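Single-structure report; data block below.
Note that the structure is a prediction, hence the values are computed from the model and not measured.
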Amino acid sequence: MKNASNIFRLCLFLTVGAVYFIALIPVNLTGAENPEMLAIFEVDEFAQYAHVIRMVTPGETFLESARNFFVYLHYFYGFPFYALSGLTLLAAKLFLPDFPDGTRAIVCLLRMVVSVLPMILSALLLTRLAARERKLPVQLGLFVFLLTIPAVVINDFWWHPDSLSLLPVCFVFYFLDRDAERFGWNYYAAAAATGIAVGIKYQGVYFALTVPLLLILAVRRKKLSVRAACLHGLGFVSVMILFVVIANPLLLLPQERAEIFRVQSQLFTETSVGMQTRNSASIFSGFNLNDALRRDYGDIWFWILAAGGWVGAAFSADGRRRRMAQIVLSYAAAAFAVLAWSPTNRSHYFLALALPLCCGFVFLIPDSFRVKSVRREAGAILAVLAAVQFCANLVADTNLVRTQLNRQADSAKIAFYHELGGALTDALAQTGAENRMLRVLRDAKAYFPAQPGVDVRQDWDMLTIEDVAEYRPDWILLEVENIRRFGAASILDEAIDVGELTPIQSFYAAAQADAIPGYILAAENEAAALFVREAAGK
């Protein structure tokens with residue numbers, strides 16, 4: 001009977017997960033008509049896309065094909081992210097006849113398999129973590145609540161490593177729960193999962209306090225000697241490092257290892273200091289969370305109550321619940337310290353902290369309200385508060401989905417490109433008569449899809465007059481946002497390196513004044529501006 005009940009629960013959760021998965025497909029088919037369209041909505045997807053396509057491009061020999069797959073070159077994220085993406089596309093090639101031209105279907109598949117699916121599995125594991133012993137309505141409620149947190153929904157809209165990085169973190173919780181301070185194979189499976197999490201996006205580092213705490217508590221309870229605790233601590237670190245390397249085999253190749261370290265050092269600098277300008281984000285706004293965190297996760301009262309649920313569980317008479325609370329709270333303390341210290345705080349960085357912490361709310365809600373007691377009254381109030389937050393999440397999710405579904409039709413950048421149709425035809429006719437290609441220089445997030453007769457150049461750094469002089473484009477396509485922000489003289493006050501930012505500011509200031517040497521402002525809307533070489537304009 002118990003097995004039948006467990007099978008029914010599993011089928012119910014899988015059904016809910018499948019409905020959630022299918023519901024996101026129409027949304028994830030948007031914003032990807034071509035690779036360049038990725039840049040105007042999610043520039044990270046654009047940066048990643050060419051690399052994963054190259055990974056699955058066959059070489060002339062098997063070794064060349066294998067090298068294409070493993071030497072993925074975009075070392076901002078670990079190999080597991082690109083490996084899963086590449087394997088997804090290898091499978092996609094079997095049923096997408098126009099591969100690699102079907103960008104829309106390809107990107108949707110990547111978003112669904114690499115972002116949505118791991119998020120559903122993570123929510124399942126977290127539900128098991130916090131509500132394994134609770135009744136079905138509480139379990140199902142927590143599962144649905146986690147999937148409808150606005151930050152989760154937003155993260156399901158793009159192809160990025162955050163969901164995949166969260167999954168091994170959840171497996172660490174799962175294995176430490178199963179181990180129950182026996183320090184057996186589940187403990188070392190947790191070490192392996194930590195290594196994989198570190199190897200994707202460093203989030204396994206958040207367990208830096210957890211493992212020492214478990215070992216210290218085991219020594220205090222006389223479950224381990226000091227020597228055994230030290231050996232298990234060393235063993236955990238050794239297995240973790242081993243799986244960082246297994247997950248990232250290019251670390252074994254000196255040349256690629258040096259490039260990985262260089263890119264990661266650059267990424268660390270950009271995250272901790274900024275790109276061109278200093279980051280100055282704070283997770284707090286006065287005594288509340290900043291607007292992004294409140295919008296995407298909930299007000300501070302919800303965070304406090306959720307953390308309070310785990311704190312209460314830490315003093316529970318139930319040994320498993322107490323142990324899991326100690327694991328989650330130590331993990332959350334380390335994660336919060338890292339994120340609070342970092343001057344770059346994007347909303348999706350908090351997924352690995354917020355989702356495990358949110359599960360603590362479940363401990364505040366009783367399974368039954370039949371017994372008359374103060375606890376029942378308090379539980380009813382807390383259940384209402386959880387329902388209020390859930391309803392707020394659904395309202396936010398509805399707006400997010402609507403915006404995402406309409407984003408192509410509403411995009412001013414796409415509209416601007418289509419408005420250039422006649423001018424583009426004339427320019428192509430002129431350059432065709434000169435037996436050359438039309439040269440277009442653009443900002444990274446400006447929209448100009450690849451097409452015959454056009455050579456489009458884009459630099460991940462901001463543009464300067466020197467770039468224009470070197471390339472001598474016929475057209476310069478700029479984001480209005482960049483013109484306003486980097487054209488202002490005050491931007492130099494935020495500079496990390498004034499000498500590096502000054503030529504950038506000079507160029508965008510010239511664009512703002514319609515004074516780019518040799519170019520005139522030919523067209524503009526609220527999102528983009530086109531400057532045409534004067535000779536070409538005439």
* Carefully, step by step, assess F361 and F145 under the rule side chain to side chain contact (heavy atoms under 4.5 Å, CB included). => CA-CA 11 Å; F361 211 102; F145 185 93; over 6 Å; no

What pair of heavy atoms forms the shortest contact from [X] to [Y], and how long is it?
X	Y	answer
E33	Q408	CG-NE2, 3.3 Å
A446	I40	C-CG2, 4.0 Å
A83	F69	O-CZ, 3.8 Å
V468	L441	CG2-CD2, 4.0 Å
C358	F302	SG-CE2, 3.5 Å
L167	S122	CA-OG, 3.4 Å

* Can you tell me which residue pairs pass the side chain to side chain donor-acceptor pair (under 3.5 Å) test with a partner in residues 50-60, sequence neighbours excluded? => H51-R54

* Can you list every pair that meets side chain to side chain donor-acceptor pair (under 3.5 Å) and has a residue in residues 452-465, with sequence neighbours left out? -> D455-Y471, T464-E466, T464-D467

To the nearest 0.5 Å, what is the distance between [atom1] on [X] and [atom2] on [Y]?
X	Y	atom1	atom2	answer
I516	I465	CD1	CD1	6.0 Å
T88	I106	OG1	CD1	11.5 Å
I520	E534	CD1	CD	6.0 Å
E45	Q48	CD	CD	7.0 Å
S506	L492	OG	CG	7.5 Å
N28	L110	CG	CG	10.5 Å

Side chain proximity check, [X] to [Y], heavy atoms < 4.5 angstrom:
X	Y	answer
L501	I496	no
N290	F284	no
L146	V152	no
P356	L126	yes
L164	L84	yes
L357	F350	no
F76	Q266	yes
F21	I120	yes

* Non-neighbouring partners of E470 that pass salt bridge (charged side-chain N to carboxylate O under 4.0 Å, His left out), sequence neighbours left out -> none

* Structure fact -> Applying salt bridge (charged side-chain N to carboxylate O under 4.0 Å, His left out) to R262 and not counting sequence neighbours gives E259

* Derivation of the side chain to side chain contact (heavy atoms under 4.5 Å, CB included) call for L405 and R402 -> CA-CA 5 Å; L405 286 171; R402 184 184 298 115; 5.9 Å; no

* **Listed partners of P150 passing side-chain contact (heavy atoms from CB on, under 4.5 Å), at least two apart** => N393, A396, D397, L400

Okay, side chain of [X], backbone of [Y]: is any donor-acceptor separation there less than 3.5 Å?
X	Y	result
N525	A527	yes
T502	V498	yes
T403	N399	yes
R442	Y447	no
D497	G499	yes
Y297	L351	yes
D474	L438	no
S65	G59	yes
N34	T103	no
Y20	L147	yes

* Electrostatic pair R485:E479 at N-O distance under 4.0 angstrom -> no

* Could you walk me through whether V480 and R484 pass the side chain to side chain contact (heavy atoms under 4.5 Å, CB included) test, one step at a time? => CA-CA 6 Å; V480 168; R484 290 172 180 164; 3.4 Å; yes

* To do: Could you walk me through whether F41 and F46 pass the ring-ring contact (aromatic ring centres under 6.0 Å, His included) test, one step at a time?
  => CA-CA 9 Å; F41 296 117; F46 178 63; over 10 Å; no

Enumerate, atom names and distances included, each donor-acceptor pair closer than 3.5 Å involving a side-chain atom of residues 419-429, sequence neighbours excluded.
{"unit_1": "T425", "atom_1": "OG1", "unit_2": "G421", "atom_2": "O", "d": "3.0"}

* Asked: Will you find, in the side chains of Y77 and D162, an N or O donor that is under 3.5 Å from an N or O acceptor?
  -> no

* Donor on one side chain, acceptor on other, Q264 and Y202, under 3.5 Å -> yes

* Could you walk me through whether E481 and K413 pass salt bridge (charged side-chain N to carboxylate O under 4.0 Å, His left out), step by step? => CA-CA 11 Å; E481 181 183 347; K413 292 180 181 178; 5.9 Å; no

* Apply ring-ring contact (aromatic ring centres under 6.0 Å, His included) to the pair F507 and F531, showing each step before the final yes or no. => CA-CA 12 Å; F507 172 75; F531 295 83; 7.9 Å; no

* Classify the ring geometry between F486 and Y508 as parallel (under 30°), tilted (30 to 60°) or perpendicular (over 60°). => tilted

* Please assess Q389 against W301 for the test side chain to side chain contact (heavy atoms under 4.5 Å, CB included), listing each intermediate value before the final yes or no. => CA-CA 10 Å; Q389 184 62 56; W301 65 263; 3.7 Å; yes

* Single hit among Y72, W159, Y75 for ring pair (Phe, Tyr, Trp, His ring centres under 6.0 Å) with F81 -> W159

